Amino acid sequence: MGTIMTIKMFARGFVLILWVGSAAAMGAQNRSFTYAPVAETTVTGTILHVVTFRTPDGVVGVHFDLRGPTGMINVHVAPAMYIGMNNFSFLADDKVEIAGVEVFQDGNKSFIARSITTKGKTLTLRAPDGTPAWTPAEDGTDGCGVAHPALPRGTEL
């Protein structure tokens, strides 16, 4: 009887450790950053790549690799659904002007977009204080509104 009880306690302890570890990992993926409006700047450039990341539940976050005046810029945009619902799309070779802030996360410099202007139209992604315009108003892992693993490459500002 003692052996069975020991095995059950070990199994329960193991499951508890897995559950706590998973919760901690999910919390780390949903971490947020501080959008500092006083640090907001505008960059212009040409989209080199449009990169999307899909979560298991189907939500897609959009990022750009932007060729800017000082080199490559990794831009975190918004959920694809929000972009589409506002009748916007972005393609490689589009010329854009992006207002936002530079952040440092996952060992890389990135740019969190607040608004993007292209082809004479402006898509507002965030309020002036940095609050996302989409619902639910969550930043996700890196500002694109979706919790996903770290980007597989790093571009520098």
Side-chain angles (χ1 to χ4, degrees), residues 18-157:
L18 287 176
W19 181 74
V20 169
S22 297
M26 289 303 289
Q29 280 190 340
N30 288 322
R31 71 185 176 280
S32 214
F33 53 88
T34 301
Y35 188 96
V38 296
E40 191 169 283
T41 186
T42 301
V43 295
T44 58
T46 302
I47 297 174
L48 185 61
H49 303 110
V50 177
V51 183
T52 60
F53 287 92
R54 183 173 176 250
T55 62
D57 65 355
V59 179
V60 177
V62 177
H63 304 78
F64 298 158
D65 285 335
L66 185 73
R67 187 180 309 123
T70 60
M72 291 299 298
I73 303 171
N74 183 5
V75 181
H76 302 280
V77 184
M81 182 69 82
Y82 178 80
I83 296 167
M85 287 174 57
N86 284 280
N87 201 27
F88 262 79
S89 62
F90 301 101
L91 300 170
D93 296 325
D94 282 354
K95 304 226 181 305
V96 294
E97 179 179 276
I98 305 172
V101 297
E102 179 184 329
V103 296
F104 190 78
Q105 61 189 82
D106 297 325
N108 296 299
K109 290 181 186 177
S110 300
F111 197 80
I112 307 299
R114 187 179 65 77
S115 66
I116 301 174
T117 301
T118 185
K119 303 172 192 156
K121 295 182 357 182
T122 300
L123 174 62
T124 300
L125 305 166
R126 298 173 175 277
D129 69 355
T131 303
W134 54 86
T135 304
E138 296 175 359
D139 287 316
T141 303
D142 59 15
C144 75
V146 177
H148 60 73
L151 297 173
R153 73 213 183 283
T155 54
E156 293 291 321
L157 286 175

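All of these numbers come straight from a predicted model, not from anything done at the bench.
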Is there a donor-acceptor pair closer than 3.5 Å between any side-chain N or O of Lys119 and the backbone N or O of Val96?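 Judged by distance alone, no pair lies under 3.5 Å.
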
Is any side-chain heavy atom of Val60 less than 4.5 Å from a side-chain heavy atom of Met81?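 No, their side chains stay 4.5 Å or more apart.
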
Glu40 and Ala99: which non-hydrogen atoms are nearest, and at how many Å?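 Taking every non-hydrogen atom into account, OE2-CB, 4.1 Å.
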
Give, for atom OG1 of Thr46 and atom NZ of Lys95, the distance between the pair rounded to the nearest 0.5 Å.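 Reported value, rounded in 0.5 Å steps: 3.5 Å.
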
With a 4.5 Å cut-off on side-chain heavy atoms, are Ile83 and Leu123 touching?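 They are in side-chain contact.
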
Could you point out which residue of Leu48, Val43, Asp94 forms a side chain to side chain contact (heavy atoms under 4.5 Å, CB included) with Leu66?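 The single option meeting the side chain to side chain contact (heavy atoms under 4.5 Å, CB included) with Leu66 is Val43.
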
Are the aromatic ring centres of Phe64 and His49 under 6.0 angstrom apart?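 Distance test on ring centres: not under 6.0 Å, no.
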
Atom pair CD/OG1 of Glu97 and Thr122 - distance to nearest 0.5 Å: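 Here the interatomic distance stands at 8.0 Å.
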
Step-by-step ring pair (Phe, Tyr, Trp, His ring centres under 6.0 Å) determination, His63 to Phe53: CA-CA 8 Å; His63 304 78; Phe53 287 92; 5.3 Å; yes

Quick one: do Thr42 and Ile98 satisfy side-chain contact (heavy atoms from CB on, under 4.5 Å)? Show the steps, please. CA-CA 5 Å; Thr42 301; Ile98 305 172; over 6 Å; no

Validation row: Phe111, His76 side chains within 4.5 angstrom (heavy atoms):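 The answer is no, as the side chains (C-beta and beyond) never meet within the 4.5 Å cut-off.
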
For the student: nearest non-hydrogen atoms of Ala133 and Thr124, plus distance: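 Residues Ala133 and Thr124, closest heavy atoms: CB-O, 4.1 Å.
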
So, do Tyr82 and Val62 sit near enough that their side-chain heavy atoms are less than 4.5 Å apart?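 With C-beta onward as the side chain, the pair stays apart.
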
Flag the pair Ile112 / Arg126 as yes when at least one side-chain heavy-atom distance between them is below 4.5 Å, and no otherwise.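 Of all side-chain heavy-atom pairs linking Arg126 with Ile112, at least one is under 4.5 Å.
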
Are Ile47 and Leu91 side-chain neighbours, meaning at least one heavy-atom pair lies under 4.5 Å?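 When only atoms from C-beta onward are counted, Leu91 and Ile47 do not touch, as no gap falls below 4.5 Å.
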
Would you find more than 12 non-hydrogen atoms of other residues, nucleotides or ligands less than 6.0 Å from Asp129 atom CG?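 Check passes, neighbour count above 12.
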
Does Val103 reach the side chain of Tyr35, with side-chain heavy atoms less than 4.5 Å apart?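 The answer is no, as the side chains (C-beta and beyond) never meet within the 4.5 Å cut-off.
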
Given the rule in the side-chain contact (heavy atoms from CB on, under 4.5 Å) test, do Ile116 and Leu125 qualify, once you have shown the distances and angles that lead to the verdict? CA-CA 8 Å; Ile116 301 174; Leu125 305 166; 3.8 Å; yes

If I take atom CE from residue Met85 and atom OG1 from residue Thr135, how far apart are they, to the nearest 0.5 angstrom?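 That separation rounds to 8.0 Å.
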
